[in-house]
Amino acid sequence: MLKTDFYEQPTNELAKALLGKELVRWVDKVELVGRVVEVEAYHQDGDEAAHSFNGKTQRNGVMFLSPGHLYVYLSYGMHCCMNVVAEPEGIGAAVLIRALEPLKGLEYMAAVRSKAKHPRDYANGPGKACQAFAISRRDNGLKLETKSLFLRDAPLKRTDIILQSPRIGISKAIHLPWRYYLAGNPHVSASKWNASGSVIA
DNA sequence: ACTGCGATGTCCT
DNA sequence: GGACATCGCAGTT
């Protein structure tokens with residue numbers, strides 16, 4: 001289980017480090033496991049797209065807790081998005097988990113993501129990932145060191161290449177290339193954007 | 001495969 | 001009252 005020292009690093013570093021890690025979720029005595037394949041970094045300082053840009057509010061308070069907390073918010077009135085708090089306590093930065101590659105618990109996900117025709121559609125988007133892994137606003141503020149919800153270390157595959165691109169679905173600060181994802185992975189969201197990224201070291 | 005658009009709750013001005 | 005870190009459906013190529 002990854003601990004606070006892993007999460008307490010600069011937001012972009014944490015974003016990249018999260019790729020390939022495994023999210024473990026227990027729900028109804030079923031184990032769900034997903035590999036992180038797409039993330040976006042949201043900073044506090046100078047990032048107009050971040051919820052924390054204008055400081056701490058009732059909604060974004062969790063972003064200012066210590067690193068490794070889970071920030072869950074409601075998007076467009078009907079979908080949840082999950083973020084991992086980065087940086088030291090009090091900064092207000094987080095990494096959005098945009099897509100997961102389902103590894104375990106596929107039957108459960110097929111049930112809760114009944115609209116999905118193919119496993120690739122279970123968690124290839126921030127709202128879908130929350131649905132598939134049964135993450136809701138009840139989980140807002142949890143620390144990712146809970147028996148039923150945590151991240152586990154896992155190595156990138158030898159062939160994995162990290163790409164970066166502008167973030168998706170926002171209207172502010174669209175020039176900042178703070179989306180990171182695994183090249184060619186079929187579980188990444190919005191596949192039409194996948195070719196637009198550039199390779200990073 | 002790609003495009004446009006409606007649903008819908010909460011936050012903040 | 002406007003904006004929103006989305007999704008899924010309908011219609012078109």
Side-chain angles (χ1 to χ4, degrees), chain A residues 7 11-12 14-16 18-19 23 34 36-65 67 69-87 91-102 109-141 144 163-182 184-197:
Chain A
Y7 298 105
T11 316
N12 285 288
L14 177 62
K16 286 178 269 185
L18 283 170
L19 291 173
L23 179 71
V36 180
V37 297
E38 180 183 0
V39 297
E40 287 177 359
Y42 286 86
H43 290 232
Q44 197 282 325
D45 187 27
D47 182 0
E48 292 177 282
H51 285 177
S52 54
F53 180 67
N54 288 312
K56 191 170 168 181
T57 65
Q58 185 161 26
R59 175 174 65 159
N60 68 22
V62 169
M63 290 182 80
F64 294 82
L65 297 179
H69 276 90
L70 191 71
Y71 171 46
V72 182
Y73 67 89
L74 189 63
S75 178
Y76 289 93
M78 55 183 74
H79 303 290
C80 290
C81 295
M82 61 175 135
N83 302 251
V84 180
V85 176
E87 309 269 359
I91 297 294
V95 177
L96 170 68
I97 307 291
R98 278 196 63 88
L100 294 158
E101 175 181 347
M109 296 181 203
V112 295
R113 296 272 311 122
S114 54
K115 305 280 171 59
K117 296 258 191 279
H118 188 279
R120 109 177 4 117
D121 297 318
Y122 290 167
N124 62 342
K128 299 176 194 175
C130 284
Q131 271 184 248
F133 285 78
I135 307 281
S136 71
R137 278 174 298 164
R138 286 196 314 280
D139 304 303
N140 187 35
L144 285 170
L163 299 185
Q164 69 174 17
S165 80
R167 296 170 291 183
I168 290 179
I170 59 173
S171 54
K172 297 171 185 167
I174 55 175
H175 58 287
L176 296 172
W178 289 344
R179 169 177 177 249
Y180 302 96
Y181 59 104
L182 297 182
N185 189 294
H187 299 87
V188 168
S189 73
S191 56
K192 65 174 176 174
W193 298 101
N194 287 0
S196 69

Given A:Tyr181, which partner from the list A:Gln164, A:Glu38, A:His187 fulfils the side chain to side chain contact (heavy atoms under 4.5 Å, CB included) test?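 Among A:Gln164, A:Glu38, A:His187, the one meeting side chain to side chain contact (heavy atoms under 4.5 Å, CB included) with A:Tyr181 is A:Glu38.
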Please give, in whole Å, the distance from B:dT10 P to A:Asn140 CG?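 In whole Å, B:dT10 P lies 13 Å from A:Asn140 CG.
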Protein-nucleotide distance (A:Tyr73, atom OH; B:dC11, atom P), rounded to Å: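 Value for this atom pair: 14 Å.
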Pairs of donor and acceptor atoms involving the side chains of residues 118-125 of chain A, under 3.5 Å and at least two apart or interchain, shall be tabulated with distances.
| from | atom 1 | to | atom 2 | distance (Å) |
| --- | --- | --- | --- | --- |
| A:His118 | ND1 | A:Arg120 | N | 2.9 |
| A:Asp121 | OD1 | A:Asn124 | ND2 | 3.4 |
| A:Asn124 | OD1 | A:Lys128 | NZ | 3.0 |
| A:Asn124 | ND2 | A:Arg120 | O | 3.3 |

For a quick check of understanding: with a heavy-atom distance under 4.0 Å over all strands, which category does [X] fall into, base, sugar-phosphate or nothing?
X: A:Arg167; result: nothing
X: A:Asn60; result: nothing
X: A:Leu96; result: base
X: A:Lys117; result: nothing

Let me confirm one number: the [atom1]-[atom2] distance from [X] to [Y], rounded to the nearest 0.5 Å.
X: A:Tyr42; Y: A:Thr11; atom1: OH; atom2: OG1; value: 12.5 Å
X: A:Leu23; Y: A:Leu144; atom1: CG; atom2: CG; value: 7.5 Å
X: A:Asp47; Y: A:Phe53; atom1: CG; atom2: CZ; value: 8.0 Å
X: A:Trp178; Y: A:Leu96; atom1: CH2; atom2: CG; value: 14.0 Å

A:Thr57 vs B:dC12: side-chain N/O to OP1/OP2 distance below 4.0 Å: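 Result: yes.
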Start and end of the DNA chain C segment that chain A contacts, any atom under 4.0 Å from a heavy atom: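 Using the under 4.0 Å cut-off, the span is C:dC4 to C:dC9.
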Side chains of A:Tyr180 and A:Asn12: do they bring a donor and an acceptor to under 3.5 Å?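 A donor-acceptor contact under 3.5 Å links the two side chains.
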Please identify each residue that fulfils side-chain hydrogen bond (donor to acceptor under 3.5 Å, both in side chains) with A:His79, with sequence neighbours left out.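 With neighbours one apart ignored, the set is empty.
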Please check this pair: side chain of [X] against backbone of [Y], looking for a donor-acceptor N/O pair closer than 3.5 Å.
X: A:Asn83; Y: A:Ala94; answer: no
X: A:Glu40; Y: A:Ile168; answer: yes
X: A:Gln131; Y: A:Arg113; answer: no

Indicate the atoms forming the closest heavy-atom contact of A:Val37 with A:Val188, along with that distance.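 Smallest heavy-atom distance, with atoms named: O-CG2, 3.7 Å.
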Quick one, which residues of residues 42-53 of chain A touch DNA chain B with a heavy atom under 4.0 Å?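 Residues of residues 42-53 of chain A that come under 4.0 Å of DNA chain B do not exist, since none gets that close.
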Does anything in residues 121-139 of chain A reach DNA chain B, meaning a heavy atom under 4.0 Å, and if so which residues?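 Under 4.0 Å from DNA chain B: A:Arg137.
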Mapping A:Arg113 and A:Leu74 onto DNA chain C by nearest heavy atom, which one lands closer to the 5' end?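 Checking each residue's closest nucleotide, the 5'-ward one belongs to A:Leu74.
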Is any side-chain heavy atom of A:Leu100 less than 4.5 Å from a side-chain heavy atom of A:Met109?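 No, side chains not in contact.
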In which stems does DNA chain C show up, taking only runs of three or more Watson-Crick or G-U wobble pairs whose two distances fall under 3.5 Å?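 Stem list for DNA chain C: B:1-7 with C:6-12, B:9-12 with C:1-4.
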